[in-house]
Amino acid sequence: MKTNIKKENDATIFSLSGRLDSNSAPIFETELQSFLACPGCHLVFDFNDLDYISSAGLRIILNTAKAYKNGPFHFSTCAMQDHVLEVFEISGFDTFITIHNSINQALSNLKNTTK
Amino acid sequence: MIHLFQIIKDQDGLTTLSDQLHIVSKEWNILPKETIQLNLVLDELITNIIEHGDGCAKCPIEIRMEKTNSHFKIQLSDAGPPFDPTQSKPVDVTLPLGKRECGGLGILFVRKFSDCCSYERVKGKNIFQFTKNYKGSTDCDSSADKL
């Protein structure tokens, strides 16, 4: 899996591509460490190029949602392929994680929420 | 049609798995969605075996895939400590974020994306078998139980 990290306004965007499984999860978790220890900006996971996710990847998503649960910064996800969305829904993650259709929608939503 | 392969525990087993599924999905004309679901079920089972199977880092996990007229029948066998995935409790997906824990999603996916599962311990080996009906089929192998 490859991760591209960029800042846009007061949000950090992680664009994930490839496969997020028990091989790649520990690397992703290390990259995220500083964001989870002390959230200092909004966080968006862009899944547009993510082809596959297993429970090992979902565990990190869950920990991320927990780290951002009490605010003030927001965590959201966007642009999931259908089968990635399906495992999110089966896991019940769609009930507590915001899923946007596109990165543009995620960013504009953040802009509106934080006005 | 039968396809056999091995996962060696101390190597990159998940890459081997996706490579093998790529080959078999082409040979057997498996739909992309079904291939991903088979990959996820096998990934979760293999990851469990590797994480819970103490010792014997080089012991292989033997995987046998069969395509019948109605379903795929897949068997995993390994010589690790006894471990019956059918006894694992899946996570309660209705719990709110604050009460959610990390475990239990793997077995949830195994149950969701397979049709019949069975486990037995035979001659020092864990034998886990599952079937998955493919499009247009609703059969369930009578030798395995629906979870």
Side-chain angles (χ1 to χ4, degrees), chain A residues 1-2 16-29 32 36 39 43 45 47 49-71 73-77 80-99, chain B residues 7-19 21-22 25 30-53 61 85 88-114 147:
Chain A
M1 190 191 76
K2 282 185 185 165
L16 278 58
S17 62
R19 302 171 69 88
L20 181 51
D21 56 20
S22 54
N23 277 350
S24 53
I27 302 161
F28 181 42
E29 199 163 28
L32 268 174
L36 302 196
L43 187 62
F45 289 170
F47 289 142
D49 296 319
L50 187 74
D51 299 320
Y52 177 88
I53 189 165
S54 72
S55 64
L58 288 166
R59 186 177 59 80
I60 298 172
I61 311 290
L62 178 65
N63 288 337
T64 306
K66 285 189 172 184
Y68 279 76
K69 181 172 177 274
N70 295 323
F73 299 104
H74 297 277
F75 164 59
S76 61
T77 60
M80 290 181 190
Q81 297 184 34
D82 286 348
H83 54 273
V84 174
L85 179 61
E86 187 180 18
V87 296
F88 258 70
E89 290 173 343
I90 290 167
S91 308
F93 280 22
D94 57 323
T95 60
F96 49 73
I97 293 173
T98 308
I99 303 169
Chain B
I7 301 283
I8 307 296
K9 289 185 193 173
D10 68 346
Q11 293 175 4
D12 184 358
L14 296 183
T15 302
T16 305
L17 172 64
S18 63
D19 289 347
L21 282 173
H22 182 71
S25 67
I30 309 178
L31 296 173
K33 185 177 179 177
E34 288 173 339
T35 306
I36 289 170
Q37 292 175 350
L38 284 173
N39 195 150
L40 186 57
V41 172
L42 282 164
D43 173 336
E44 300 296 350
L45 291 166
I46 289 165
T47 301
N48 251 334
I49 292 169
I50 292 171
E51 281 176 3
H52 300 291
I61 302 166
S88 301
K89 202 177 163 193
V91 64
D92 180 355
V93 297
T94 63
L95 289 175
L97 175 60
K99 291 188 176 173
R100 284 295 295 265
E101 289 178 2
C102 291
L105 282 174
I107 193 65
L108 178 75
F109 298 148
V110 172
R111 292 180 183 204
K112 184 73 188 175
F113 294 124
S114 68
L147 276 170

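Below, chains carry the letters A, B, ... as their sequence lines are ordered, and counting in each starts from 1.
- Both the backbone and the side chain of B:Asn39 come within contact range of chain A, with heavy atoms under 4.5 Å apart.
- Nearest heavy atoms, B:Leu95 versus A:Phe96: O-CE2, 4.2 Å.
- Per-residue counts of heavy-atom pairs under 4.5 Å with chain A were compared for B:Lys33, B:Arg100, B:Glu44, B:Gln37; the largest is that of B:Arg100.
- The structure places CG of A:Asp21 at 11.0 Å from CD1 of B:Ile46, a figure rounded to the nearest 0.5 Å.
- If you tally non-hydrogen atom pairs under 4.5 Å between each of A:His83, A:Lys66, A:Lys69 and chain B, the highest count goes to A:Lys66.
- Contact of B:Ile36 with chain A is made through backbone and side chain together, with heavy-atom distances under 4.5 Å.
- Checked against salt bridge (charged side-chain N to carboxylate O under 4.0 Å, His left out), A:Glu29 has the following partners two or more places apart in sequence or in another chain: A:Arg59.
- Between atom CG of residue B:Asp12 and atom CG of residue A:Asn23 there is a gap of 4.5 Å, rounded to the nearest 0.5 Å.
- Here A:Ser22 contributes atom OG and B:Asn48 contributes atom CG; the two are 10.0 Å apart, rounded to the nearest 0.5 Å.
- Atom CD of A:Glu89 is surrounded by more than 12 heavy atoms from other residues, nucleotides or ligands within 6.0 Å.
- Heavy atoms of A:Ile53 lying under 4.5 Å from chain B belong exclusively to its backbone.
- Smallest separation of non-hydrogen atoms from A:Ser54 and B:Leu40: CA-CD1, 3.7 Å.
- In this structure, SG in B:Cys102 is found 5.0 Å from CG in A:Leu62, a value given to the nearest 0.5 Å.
- Counting all heavy atoms, side chain and backbone alike, A:Ser55 lies closest to B:Leu105 at CB-CB, 3.7 Å.
- For the pair B:Phe109 and A:Leu58, the minimum side-chain heavy-atom distance is below 4.5 Å.
- Heavy atoms closer than 4.5 Å to chain B are found nowhere in A:Asp82, neither backbone nor side chain.
- Contact tally against chain A (heavy-atom pairs below 4.5 Å) for B:Val93, B:Leu97, B:Val91: the top residue is B:Leu97.
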